[in-house]
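First up is the structure itself, then whatever we jot down about it.
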Amino acid sequence: PRPPRVVHVPPGVVARDPLAPSRRDAVRGAFGLPVDRPVVLYAGDLEFSTAARTLAAAIPEVQARVDATFVFACRPKTPAAAAALADVRARLGGQEASGRVRFLGNVEDFHDLLGCVDLQVLPADTTYAKTDLPLVVLEGLLAGVPAVVGRGTPMDELVEAGAVLGVPHSDAGALATTIAETLSGPALAALAGAGRAFALARHTAQAMACAHQALYMEMLRSE
């Protein structure tokens, strides 16, 4: 009998081109988001990780340094999501009242929203209930949106490849510093380019399909 073998096929998502500046501004307008300041997106879960609470703790420190708008676009997955959302909103009451934090819930035109932001953050301590590499991060990279993620999860693979920035999970101070420095520094465009190039080389739906096809053909030849 043939020895057992494990073949890893990286996850793939549909590649989308980055939005042109005029299209990006139009999309932001449709969502009621500002066009004259950075917009940061959190599109992770509410109930399975500490990521939303970590970001909520980081936002006031970021806002003290950078005039940015934060968007939470979280699809509830379990009944526990309601209480988790209420907790995050309570932590950010003043920010929400000022319009500097928005809670959009489940967004129908999500890919438009994802493509129009400046930065995506997912400071998760676990990828439970997600794929090991969350598809929303890969979709963002392919759309030219850089990301900051939590270390200590399978997303370390992206950090070590230079495709995203990593911070210690659950460390609100480190997250705030990284977000503020990324938004206000010159490296944002370079980070977006590096993330997109990595995702195009490794994480497109076409690449995933071709890898599966090659594996199936190999199996057929060995019969």
Side-chain angles (χ1 to χ4, degrees), residues 10-46 51-52 55 59 62 66-75 99-124 127 130-131 133-150 155 158-159 161-166 175 178-180 182-209:
V13 295
V14 175
R16 290 178 169 81
D17 292 332
L19 294 181
S22 59
R23 172 62 179 158
R24 188 201 71 163
D25 289 352
V27 171
R28 286 195 181 188
F31 282 105
L33 299 174
V35 299
D36 58 348
R37 68 178 69 96
V39 176
V40 180
L41 174 67
Y42 174 79
D45 66 83
L46 292 164
L55 177 58
I59 285 175
V62 177
V66 180
D67 185 15
T69 295
F70 287 80
V71 177
F72 287 76
C74 309
R75 177 175 60 84
R100 299 169 86 188
V101 173
R102 298 280 307 280
F103 291 89
L104 299 184
N106 191 24
V107 177
E108 183 175 349
D109 299 320
F110 177 76
H111 288 106
D112 280 349
L113 174 65
L114 177 59
C116 82
V117 304
D118 296 282
L119 185 68
Q120 180 181 182
V121 294
L122 188 61
T127 55
K130 309 176 184 65
T131 55
L133 299 182
L135 298 185
V136 68
V137 174
L138 301 180
E139 288 170 337
L141 294 180
L142 285 167
V145 177
V148 177
V149 305
M155 292 187 289
L158 301 176
V159 178
V164 304
L165 296 178
L175 178 62
T178 300
I179 292 174
T182 302
L183 292 178
S184 58
L188 188 64
L191 180 61
R196 177 168 163 78
F198 179 82
L200 282 171
R202 187 172 173 82
H203 290 294
T204 65
Q206 182 177 10
M208 182 176 66

Inset, instruction - I would like to know whether Phe70 and Val121 meet side-chain contact (heavy atoms from CB on, under 4.5 Å); could you show each step before the answer? - result: CA-CA 10 Å; Phe70 287 80; Val121 294; 5.6 Å; no
Legend entry - Heavy-atom pair with the smallest gap, counting every atom of Val27 and Asp112: CG1-O, 3.4 Å
Legend entry - Option passing side chain to side chain contact (heavy atoms under 4.5 Å, CB included) with Leu135 (candidates Thr131, Val137, Leu133): Thr131
Inset, instruction - Could you walk me through whether Asp118 and Thr182 pass side-chain contact (heavy atoms from CB on, under 4.5 Å), step by step? - result: CA-CA 10 Å; Asp118 296 282; Thr182 302; over 6 Å; no
Inset, instruction - Give, for atom CG of Leu104 and atom CG of Leu41, the distance between the pair rounded to the nearest 0.5 Å. - result: 8.5 Å
Inset, instruction - Identify the two heavy atoms, one from Gly162 and one from Ala194, that lie closest to each other, and give their separation to 0.1 Å. - result: O-CB, 3.8 Å
Legend entry - Taking every non-hydrogen atom, the tightest pair across Leu142 and Ala15: CD1-CA, 4.0 Å
Inset, instruction - For the pair Thr127 (side chain) and Lys130 (backbone), establish whether a donor and an acceptor sit closer than 3.5 Å, ignoring hydrogens and angles. - result: no
Legend entry - Whether Glu139 side chain and Leu114 backbone form a donor-acceptor pair below 3.5 Å: no
Legend entry - Qualifying residue, where the test is side chain to side chain contact (heavy atoms under 4.5 Å, CB included) with Leu119 and the options are Leu165, Thr178, Val148: Val148
Legend entry - Minimum-distance pair of heavy atoms, taken over all atoms of Val164 and Ala147: CB-O, 3.5 Å
Legend entry - Arg196 side chain to Pro18 backbone, donor-acceptor under 3.5 Å: no
Inset, instruction - Locate the shortest heavy-atom distance separating Pro10 from Met208; write the atom from each residue and the value. - result: O-CG, 3.7 Å
Legend entry - Side-chain (Arg28) to main-chain (Pro34) donor-acceptor, under 3.5 angstrom: yes
Legend entry - Main-chain N/O of Arg75 paired with Asn106 side-chain donor or acceptor, under 3.5 Å: no
Inset, instruction - Measure the CZ-CG distance between Phe198 and Leu158 for me, rounded to the nearest 0.5 Å. - result: 6.0 Å
Inset, instruction - Can you label the angle between the Phe72 ring and the Tyr42 ring as parallel, tilted or perpendicular, going by 30° and 60°? - result: tilted
Inset, instruction - Specify the closest pair of heavy atoms between Gly32 and Arg102, including all atoms of both residues, with the distance to one decimal. - result: O-NH1, 3.0 Å
Inset, instruction - Mark yes or no for whether Arg16, through its side chain, and Gly115, through its backbone, hold a donor-acceptor pair below 3.5 Å. - result: no
Inset, instruction - Supply the atom-to-atom distance Asp45 CG to Leu122 CG, rounded to the nearest 0.5 angstrom. - result: 8.0 Å
Inset, instruction - Could you give me the CA-CA distance, side-chain angles and deciding distance for Val71 and Phe31, then say whether side-chain contact (heavy atoms from CB on, under 4.5 Å) is met? - result: CA-CA 10 Å; Val71 177; Phe31 282 105; over 6 Å; no
Inset, instruction - Flag the pair Val136 / Gln120 as yes when at least one side-chain heavy-atom distance between them is below 4.5 Å, and no otherwise. - result: yes
